[in-house]
There are 2 protein chains.
Amino acid sequence: MGVTIVENQPVERIKKIGKILDDKKTGTGLCPIHDFLNHFANKWSMLVVLNLGYAGKPRFSELKNMITGISQRMLTVTLRSLEEDGLVLRKLYAEIPPRAEYELTPLGKSLLDVMMSLGEWASKHEAEITKARKQFRKANNGLRKK
Amino acid sequence: MGVTIVENQPVERIKKIGKILDDKKTGTGLCPIHDFLNHFANKWSMLVVLNLGYAGKPRFSELKNMITGISQRMLTVTLRSLEEDGLVLRKLYAEIPPRAEYELTPLGKSLLDVMMSLGEWASKHEAEITKARKQFRKANNGLRKK
DNA sequence: CGGCATCCGAGGTGATACTG
DNA sequence: CAGTATCACCTCGGATGCCG
């Protein structure tokens, strides 16, 4: 029987990945996903997007309270970055005291869908990963250790 | 009229996100997605997973050549981390010269699906983001600048 | 309240050299 | 070939203080 060929891996999938990876260079010389990750692969961006999707139009302090462990600075920086990328819309009301509202743009909402998939995956497989980590550490205890 | 309620945002989606965010704490006191991101939110992990999904069972050096810009060290570290999380399987053949093969575990393949969604999103919206960035910079030139 | 500027330490990342 | 080890950098991210 066919040992390695195709296996249960659809050829179509391979093509898809190839497209993601190769895609006409972005001018930066990187594939789109790479370029995307450069800006977006940090733990706060995704959490902010998810929480914005959850909350609707939270104010700055509301958002800060929602996201466990985030500092004011990081929330500011992350929001600014997302705003710059066109994923988040910032509305500042010139009131006293000042008020700011944040919400996802349509582009941001489209990303939210993907983020949700990722979140659901994490939620679903979290236990598996934790288990794998323990096994790994047990198996390699004193082996690959320094 | 109901100003903020529901809007065009399905209630079901809100519930889903809430679940992702709140889920019974992971023991670390963080929601699953947060915990996941702590280990996984760096630019290399996702690229390695995607390339492994693409290549099948590449050797170390093959993988290194596939991923633009990654250093030997970072590839090693990333692979080790993924292996520890149970996403990647490493087969080392005791030959001369040595040979190592890497492949995704079933768990890793399930993540691949999600990564592909992310990759397709990035590929699809990359131009939009680039455009948004330029606009943002133009609009705020000398405004929010230092 | 909603930021921004600054300082500073910890850790991520790369270059280089070495080993089995 | 497939790593490990060491070092040096340099960005990330927290703490603090100030402003509109």
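Just so we're on the same page: letters track the sequence lines, and every chain starts at 1. Treat the numbers as computed from the prediction; the structure is a model and nothing was measured.
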Can you check the B:E101 CD to D:dC1 P distance for me, whole Å?
15 Å

Tell me if the side-chain of A:R73 makes a donor-acceptor pair with the base of C:dT6, cut-off 3.5 Å, by modelled atom types.
yes

Short N-O contact, A:K19 and B:E120, less than 4.0 angstrom
no

D:dT4, OP1 or OP2 - any side-chain N/O from B:R80 closer than 4.0 Å?
yes

Tell me: CD1 of B:I70 to P of D:dG3, nearest whole Å?
13 Å

Whole-Å gap separating P (C:dG2) and CD (A:E62)
8 Å

Which label fits B:W44 and A:H34: parallel for a plane angle under 30°, tilted from 30 to 60°, or perpendicular past 60°?
perpendicular

Side chain of B:S71 (C-beta onward), nearest among D:dA2, C:dG3, C:dG14
C:dG14

From C:dC1, D:dC1, D:dG3, pick the nucleotide closest to the side chain of A:P98?
C:dC1

Judged by nearest nucleotide, the residue sitting upstream toward the 5' end of DNA chain D, B:L92 or A:M74, is B:L92

Classify B:Q72 by what it touches in the nucleic acid, base, sugar-phosphate, or nothing, heavy-atom distance under 4.0 Å.
base

Let me know the distance between CZ of A:F60 and C1' of D:dC19, rounded to the nearest Å.
15 Å

Using atom OH of A:Y102 as one end and atom P of C:dG2 as the other, report the distance to the nearest whole Å.
9 Å

Rounded to the nearest Å, what distance is computed from the CG atom of residue A:N42 to the C1' atom of nucleotide C:dT13?
16 Å

Regarding A:Y93, tell me which of base, sugar-phosphate or nothing describes its non-hydrogen contacts under 4.0 Å with the strands shown.
nothing

Only one of A:R133, A:K134, A:R137 clears salt bridge (charged side-chain N to carboxylate O under 4.0 Å, His left out) with B:D85; which?
A:R133

What integer distance in Å separates B:L37:CG from D:dG13:P?
12 Å

Regarding B:E83 and B:R80, does a basic nitrogen lie under 4.0 Å from an acidic carboxylate oxygen?
yes

Taking only N and O in the side chain of A:R59, is any of them less than 4.0 Å away from OP1 or OP2 of C:dG2?
yes

Check this for me: does any side-chain nitrogen of one of B:E101 and B:R90 sit under 4.0 Å from a carboxylate oxygen of the other?
no

5' priority, DNA chain D, between A:G69 and B:S61 [closest heavy atom]
B:S61

Starting at atom CG of B:N38, determine the distance to atom P of C:dG11, rounded to an integer number of angstrom.
13 Å

Hey, is the side chain of A:R99 poking within less than 4.0 Å of OP1 or OP2 on C:dG2, counting only N and O atoms?
no

